[in-house]
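Side-chain atoms are counted along with the backbone in the values below, which use heavy atoms only and exclude waters and symmetry mates. Positions are given from 1, in the same order as the sequence printed here.
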Amino acid sequence: MSEKLILSASERINALLDDSSFVEVGALVKARSTDFNIKEYDTPKDGVITGYGLIDGKLVYVYAQDASVLGGAIGEMHAKKIVNIYNLALKVGAPVIGLIDCAGLRLQEASDALASFGRLYKKMSFASGVIPQVTAIFGRCGGGTALIPSLTDFTYMCEKDAKLFVNSPNALDGNYEEKNDTSSASFVAKNTSLVDGVFSDDAEVLSEIRNLISLLPSNNEEEAIDECNDDLNRTIPGLESFRDDARAALQNIADSNVFVEVKKDYAKGMVIGFIRLNGATIGCVANQVKDGGDRLTTAGALKAAKFVNFCDAFNIPVLTFTNVKGFAACVEEEKTISAAASSLAFAFADATVPKVNVMAGPAFGSAYSVMNSKTLGCDMVYAWPTASIGMMDAELAAKIMYEKEIEAAEDKVKALNEYKAKINSLQNSVESAAQRGYVDDVIEPDATRKRVIAAFEMLATKREDRPAKKHATV
């Protein structure tokens, strides 16, 4: 719990929602402890304010934990109030937003409090993929409470006071908080995939949630579309200069140049987030070469896979920018990269939403295949003239394929360059891939926005079935 809250629980709700739109539910609920020999406390609202309101006119349900009541700890009635909000949200199909400041399990209620965690986890699991779930952490979120943001779709943290942990830093062998604060927003955002954004104060966190909600559909049966005030045929001179900076490229092609990125501090070689094209929300996945993304990593693949799964669950089309030379090669990556890459391949293959890929640079080997390739099920694949598609970099391929010829040549450098040119023109060229149907068109970079918009417009009524099954096992 923060020693001094920047905003109270009720103030956070009012700052999040449209003016005067909040309606409280369960305002008179208090704790129902029947244990003997326990000091009685007054627990107004049982430490959590629950209700519903509007964000830009869109219905949302919200709960905010009140750290002034037993540290915001979760007990039986506290959890029941949150579960009740989930029940209402599932009935009407509206997002749930949790504002967390919690001391964890309410020890005074023992097994009743412990059982309340299980009920809450179960309800959140049922809601996954049905309604968007967002959490923001302003104070402590520890122990069993740490599973709550892990079960939601997006999580934001306040930089100064927020703490997210299962075990506190001082409980870890050989560690203490002053040495390495493993619960801090900075540590969690950089070292785990749990946090989508860290912001300096409560107001910034709540503003970012409003931005996110405005981009998302209310449930898995709706689509996220708004008015577009940008030119659909806008060309972007010099876009090719951002080939290695996918973040900038996505921002340039987006309506009004707005790109809402998530998990920016984690696995920086992979960029994910949302833009609008002709008013429709589009999920974006891109290799960020500028930040080391020319090689696909375990963290980057899993980060992208989870995001694609979210987009597919909520009818959000997916756009990829591919620029990858292969998989990261080191002992640690070798332990996990195969499973992570297969998760990414499965996510793209299993997704039935419209999928468009822009090949911006090199696309080599299996890393190319798992990045939303045509054979994996991408609907439309475009390539810039700067793209190249093949098994591997031409120089390495030449050294393997023509090793004897290069070794026998009088001028080995000249021979290597000749074989490289041959491979680039016959095997790695984007024209060669297009001739075989793996690329639908080679486009000029400045026309990317209008070509991608046209593709998604064409795919707007896409329907694609999958074999009947309970669920996959990947």
Side-chain angles (χ1 to χ4, degrees), residues 124-125 128-129 132-135 146-157 164 166 182 186-198 246-247 250 260-274 283-289 291-314 316 318-351 353 355 357 363 365-373 376-378 471-474:
M124 295 179 71
S125 299
S128 181
Q133 302 178 70
V134 181
T135 48
L147 274 67
I148 293 176
S150 302
L151 285 168
T152 62
D153 300 305
F154 300 96
T155 297
Y156 297 98
M157 295 183 73
L164 177 58
V166 174
T182 55
S186 175
F187 179 90
V188 177
K190 293 176 181 178
N191 294 280
T192 79
S193 62
L194 296 176
V195 179
D196 292 278
V198 176
R247 182 180 293 113
L250 291 169
V260 177
E261 187 175 355
V262 294
K263 300 191 192 312
K264 182 177 180 179
D265 295 327
Y266 179 69
K268 293 185 176 182
M270 184 70 75
V271 167
I272 59 174
F274 300 102
C284 302
V285 176
N287 306 113
Q288 179 71 353
V289 174
D291 295 324
D294 61 331
R295 305 283 174 172
L296 189 62
T297 65
T298 295
L302 293 177
K303 170 181 170 178
K306 184 176 181 180
F307 183 73
V308 172
N309 288 335
F310 173 84
C311 291
D312 189 49
F314 288 98
I316 299 173
V318 176
L319 170 66
T320 49
F321 268 66
T322 300
N323 187 356
V324 63
K325 293 181 178 179
F327 296 123
C330 66
V331 173
E332 287 303 310
E333 283 291 327
E334 191 63 20
K335 298 175 183 178
T336 54
I337 189 62
S338 177
S342 66
S343 294
L344 181 57
F346 176 83
F348 278 123
D350 193 53
V353 293
K355 294 172 286 189
N357 192 356
S366 297
Y368 146 69
S369 296
V370 304
M371 276 295 296
N372 198 22
S373 62
L376 208 57
C378 185
H471 57 72
T473 61
V474 176

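- Annotation: side chain to side chain contact (heavy atoms under 4.5 Å, CB included) contacts of Ser150 (sequence neighbours excluded): Leu194.
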Exercise. Please report the C-alpha distance between Ser128 and Leu151 in whole Å, then the side-chain angles of each, then the deciding distance to 0.1 Å, and finally whether the side-chain contact (heavy atoms from CB on, under 4.5 Å) criterion is met.
Key: CA-CA 8 Å; Ser128 181; Leu151 285 168; over 6 Å; no

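- Minimum heavy-atom separation, Ala304 to Ile272: CA-CG2, 4.3 Å.
- Residues passing the salt bridge (charged side-chain N to carboxylate O under 4.0 Å, His left out) test with Glu261 are Arg247, sequence neighbours excluded.
- Two residues are said to be in side-chain contact when any heavy atoms from C-beta on lie closer than 4.5 Å; Leu319 and Leu250 meet this criterion.
- Residue Thr297 holds its OG1 atom at 13.0 Å from NZ of Lys268, rounded to the nearest 0.5 Å.
- Every residue meeting the side-chain hydrogen bond (donor to acceptor under 3.5 Å, both in side chains) condition with Asn323, not counting sequence neighbours, appears here in chain and number order: Asp244.
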Quiz prompt | CA sep, side-chain torsions, deciding dist, call: Thr322, Asn372, side-chain contact (heavy atoms from CB on, under 4.5 Å) | solution = CA-CA 8 Å; Thr322 300; Asn372 198 22; 5.5 Å; no

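- You'll find the side chain of Val134 reaches within 4.5 Å of the side chain of Tyr156, heavy atoms only.
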Self-check item: Val370/Leu296 under side-chain contact (heavy atoms from CB on, under 4.5 Å): CA gap, chis, key distance, verdict
Solution: CA-CA 10 Å; Val370 304; Leu296 189 62; 3.7 Å; yes

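- Ring-plane geometry between Phe274 and Phe310 is classed as perpendicular, the angle between the planes exceeding 60 degrees on a 0 to 90 degree scale with a lower cut at 30.
- Applying the side-chain hydrogen bond (donor to acceptor under 3.5 Å, both in side chains) rule to Thr135 yields the partners Thr152, Thr155; only residues at least two apart in sequence or on another chain are considered.
- Side-chain atoms of Val318 and Val353, non-hydrogen and from C-beta on, do get closer than 4.5 Å to each other.
- Residues that satisfy the side chain to side chain contact (heavy atoms under 4.5 Å, CB included) test with Thr182, not counting sequence neighbours, are Pro169, Leu172, Asn175, Asn180, Phe187.
- Residues Leu302 and Ser193 have side chains not in contact (no heavy-atom distance under 4.5 Å, counting atoms from C-beta outward).
- In this structure, the side chain of Asp153 engages the main chain of Gln133 through a donor-acceptor pair within 3.5 Å.
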Review item, side-chain donor-acceptor pairs of residues 336-350, under 3.5 Å, at least two apart:
unit_1	atom_1	unit_2	atom_2	d
Thr336	OG1	Thr298	OG1	2.7
Ser342	OG	Ser338	O	3.3
Ser342	OG	Ala339	O	2.7
Ser343	OG	Ala339	O	3.1

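- For the pair Ala267 and Gly300, the tightest heavy-atom approach, listed with the atom from each and the gap, is CB-N, 3.7 Å.
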Self-check item: Candidate pair Lys264 and Val198, rule side-chain contact (heavy atoms from CB on, under 4.5 Å), full reasoning
Solution: CA-CA 9 Å; Lys264 182 177 180 179; Val198 176; over 6 Å; no

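- Two residues are said to be in side-chain contact when any heavy atoms from C-beta on lie closer than 4.5 Å; Thr320 and Lys355 fail this criterion.
- Taking Asp196 as the reference, Lys263 meet the salt bridge (charged side-chain N to carboxylate O under 4.0 Å, His left out) condition, with sequence neighbours excluded.
- Pairing each heavy atom of Ala189 with each of Tyr266, the nearest pair is O-CB, 3.3 Å.
- Among residues two or more places apart in sequence or in another chain, the side chain to side chain contact (heavy atoms under 4.5 Å, CB included) test is passed with Ser373 by Tyr368, Ser369, Thr375, Leu376.
- Put simply, the side chain of Gln288 gets close to the backbone of Ala246: a donor and an acceptor are under 3.5 Å apart.
- Residue pairs meeting the salt bridge (charged side-chain N to carboxylate O under 4.0 Å, His left out) criterion with at least one member in residues 292-309, sequence neighbours excluded, do not occur.
- Looking at residues two or more places apart in sequence or on another chain, you find no side-chain hydrogen bond (donor to acceptor under 3.5 Å, both in side chains) involving Asn287.
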